[in-house]
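Side chains are part of it too, since the values below use all heavy atoms of this structure and drop only hydrogens, waters and symmetry mates. By convention in this document, chain letters (A, B, ...) are assigned in the order of the sequence lines, proteins followed by strands, and residues within each chain are numbered from 1. The structure displayed is predicted, hence computed values, not measured ones.
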Amino acid sequence: MRAVHAVARDLLGKTLVSTTNGSRIAGTIYETEAYDGEQDLACHARSGKTARTAVMYSEGGHAYIYFTYGMHWMFNCVAGASGYPAAVLIRAIQPIEGIDIIRDRRQPIDQSHWCDGPAKMTKSLGITGMHNGMDMCQKNAVIYIEEGCLIPEEKVKITPRIGLGRTPEPWKSKLWRYVADIS
DNA sequence: TCTTCGATTGTCT
DNA sequence: GACAATCGAAGAA
């Protein structure tokens with residue numbers, strides 16, 4: 001298994017922290033997807049290194065954030081060695097801290113749907129393109145990962161990735177999505 | 001320069 | 001369940 005898949009699995013249960021507006025907003029990661037290299041036709045790096053995908057080629061621990069559908073920001077953790085494009089898309093978290101801020105940003109929808117999608121999550125955490133390329137290992141990082149709880153194997157579901165649309169097989173059906181049952 | 005389309009969401013039927 | 005919203009990156013011309 002390549003490193004990016006181990007990272008995607010290990011991120012489940014960890015805490016994603018954002019201090020983009022000065023105060024802590026945090027949640028437990030429970031859904032991730034792996035995007036692995038130029039040969040993965042679902043990965044943005046499938047066409048090689050471009051201005052947009054350059055961050056994916058940097059060392060693991062950087063934030064790859066991109067804009068899509070004309071209105072949505074997506075947040076990824078770069079997970080490969082320097083020079084190899086791989087990243088983990090954080091698809092969903094369960095809010096822990098900064099509930100009031102999230103509520104303000106996500107009203108009027110119900111709490112159970114505040115962070116249950118990749119773009120909903122970035123909106124709740126205040127993550128935008130200005131954070132693209134950040135090193136989350138830096139001491140003064142605005143977005144970073146903290147240790148959380150360990151998710152036992154029996155609580156982890158593995159499924160095909162979501163929203164791949166016209167991505168050809170076999171990539172479309174690769175079991176590269178990891179979902180933790182944190183109920 | 002022009003055209004296509006997306007790692008989605010929210011609304012309407 | 002169907003589909004519009006909305007715009008920048010990437011590939012074609």
Side-chain angles (χ1 to χ4, degrees), chain A residues 2-12 14 16 18 25 27 29-58 60-80 84-95 102-134 136 143 145 156-180:
Chain A
R2 282 193 175 277
V4 63
H5 299 102
V7 172
R9 164 63 181 87
D10 288 347
L11 280 173
L12 295 179
K14 289 203 180 346
L16 177 63
S18 157
I25 305 172
I29 297 167
Y30 69 87
E31 186 176 341
T32 63
E33 285 180 5
Y35 289 84
D36 184 14
E38 294 176 354
Q39 78 285 351
D40 174 7
L41 295 183
C43 180
H44 285 166
R46 59 183 173 276
S47 317
K49 192 171 183 175
T50 66
R52 180 209 206 182
T53 61
V55 178
M56 280 186 118
Y57 289 76
S58 62
H62 286 73
Y64 169 48
I65 297 160
Y66 67 92
F67 188 67
T68 191
Y69 289 103
M71 62 185 92
H72 297 308
W73 292 105
M74 303 289 163
F75 172 77
N76 300 250
C77 259
V78 176
Y84 182 86
V88 176
L89 171 69
I90 310 297
R91 290 190 59 86
I93 63 174
Q94 178 176 265
I102 297 176
R103 182 185 298 114
D104 286 346
R105 287 175 174 160
R106 300 297 294 145
Q107 269 183 351
I109 65 172
D110 187 82
Q111 175 165 5
S112 59
H113 298 298
W114 282 349
C115 302
D116 64 343
K120 298 183 191 180
M121 187 202 75
T122 56
K123 192 172 179 188
S124 294
L125 298 189
I127 296 172
T128 70
M130 67 176 286
H131 307 295
N132 187 39
M134 274 196 358
M136 294 186 285
I143 302 165
I145 308 288
V156 178
K157 273 191 302 189
I158 301 179
T159 80
R161 291 172 290 182
I162 301 295
L164 264 43
R166 50 186 61 210
T167 298
E169 299 290 359
W171 309 107
K172 190 171 181 176
S173 297
K174 292 277 187 188
L175 300 176
W176 288 357
R177 173 170 173 252
Y178 301 81
V179 186

Lys/Arg N to Asp/Glu carboxylate O, A/Asp116 vs A/Lys120, below 4.0 Å: yes

Face-to-face contact A/Tyr35 to B/dA7 six-ring, under 5.5 Å, under 30°: yes

From B/dA7, C/dA10, B/dC5, nucleotide with atom closest to A/Tyr66 side chain: B/dA7

Candidate pair A/Asp10 and A/Tyr178, rule side-chain hydrogen bond (donor to acceptor under 3.5 Å, both in side chains), full reasoning: CA-CA 10 Å; A/Asp10 288 347; A/Tyr178 301 81; over 6 Å; no

Rounded interatomic separation in angstrom, taking CD1 from A/Ile65 and P from C/dA9: 15 Å

Interatomic distance at P, C/dG1 relative to B/dA7, whole Å: 23 Å

Touch class at under 4.0 angstrom, heavy-atom based, for A/Met74 against every strand present: sugar-phosphate

Spacing of CD1 belonging to A/Ile29 relative to CD1 belonging to A/Ile93, to within rounding of 0.5 Å: 7.5 Å

Rounded distance (Å) that lies between atom P of B/dA7 and atom CZ of A/Arg46: 6 Å

Backbone of A/Tyr30 reached by a side-chain donor or acceptor of A/Gln94 within 3.5 Å: no

Closest approach of A/Phe75 to A/Leu89 (non-hydrogen atoms, all atoms of both residues): O-CD1, 3.5 Å

From B/dT9, C/dG8, C/dA5, nucleotide with atom closest to A/Pro118 side chain: B/dT9

Length of the line joining A/Leu89:CG and B/dG6:C1', which is rounded to integer Å: 13 Å

Sugar-phosphate, base or nothing in reach of A/Ser47, heavy atoms under 4.0 Å: sugar-phosphate

Any donor-acceptor pair under 3.5 Å from A/Ser124 side chain to A/Trp114 backbone: yes

Sugar-phosphate only, base, or nothing, as touched by A/Thr167 at under 4.0 Å among non-hydrogen atoms: nothing

Phosphate contact (B/dG10 OP1 or OP2) by A/Arg106 side-chain N/O below 4.0 Å: yes

Separation of atom CH2 in A/Trp73 from atom C1' in C/dG8, rounded to whole Å: 9 Å

Touch class at under 4.0 angstrom, heavy-atom based, for A/Gly165 against every strand present: nothing

Stacking of A/Tyr69 on B/dG6 base (centres under 5.5 Å, planes under 30°): yes

Heavy-atom pair of closest approach, residues A/Val4 and A/Ala87: CG2-O, 3.6 Å

Length of the NE2-C1' vector between A/His44 and B/dG6, whole Å: 7 Å

A/Arg91, nearest nucleotide to its side chain (from B/dT8, B/dG6, C/dC7): B/dT8

Earlier contact from the 5' end, DNA chain B, for A/Lys120 and A/Ala45: A/Ala45

Between C1' of B/dA7 and CG of A/Asp36, the distance in whole Å: 15 Å

Value in whole Å for how far the P atom of B/dA7 lies from CD1 of A/Ile162: 13 Å

Touch class at under 4.0 angstrom, heavy-atom based, for A/Arg177 against every strand present: nothing

Test item: A/Trp176 and A/Glu33 side chains (from C-beta on) under 4.5 Å apart, heavy atoms: no

Touch class at under 4.0 angstrom, heavy-atom based, for A/Arg52 against every strand present: sugar-phosphate

Secondary-structure string, 5' to 3', Watson-Crick or G-U under 3.5 Å, | for another-strand partners, for DNA chain B: ||||||.|||||.

Ring centroid separation A/His44 to A/Tyr66 under 6.0 Å: yes

Touch class at under 4.0 angstrom, heavy-atom based, for A/Ala42 against every strand present: base

Minimum-distance nucleotide to A/Thr68 side chain [options: B/dG6, B/dG10, C/dC7]: B/dG6

B/dG6 OP1/OP2 closer than 4.0 Å to side-chain N/O of A/His72: no

A/Lys49 NZ - C/dA10 P separation (whole Å): 13 Å

Phosphate-side-chain proximity, A/Thr50 and C/dA10, N/O vs OP1/OP2 below 4.0 Å: yes

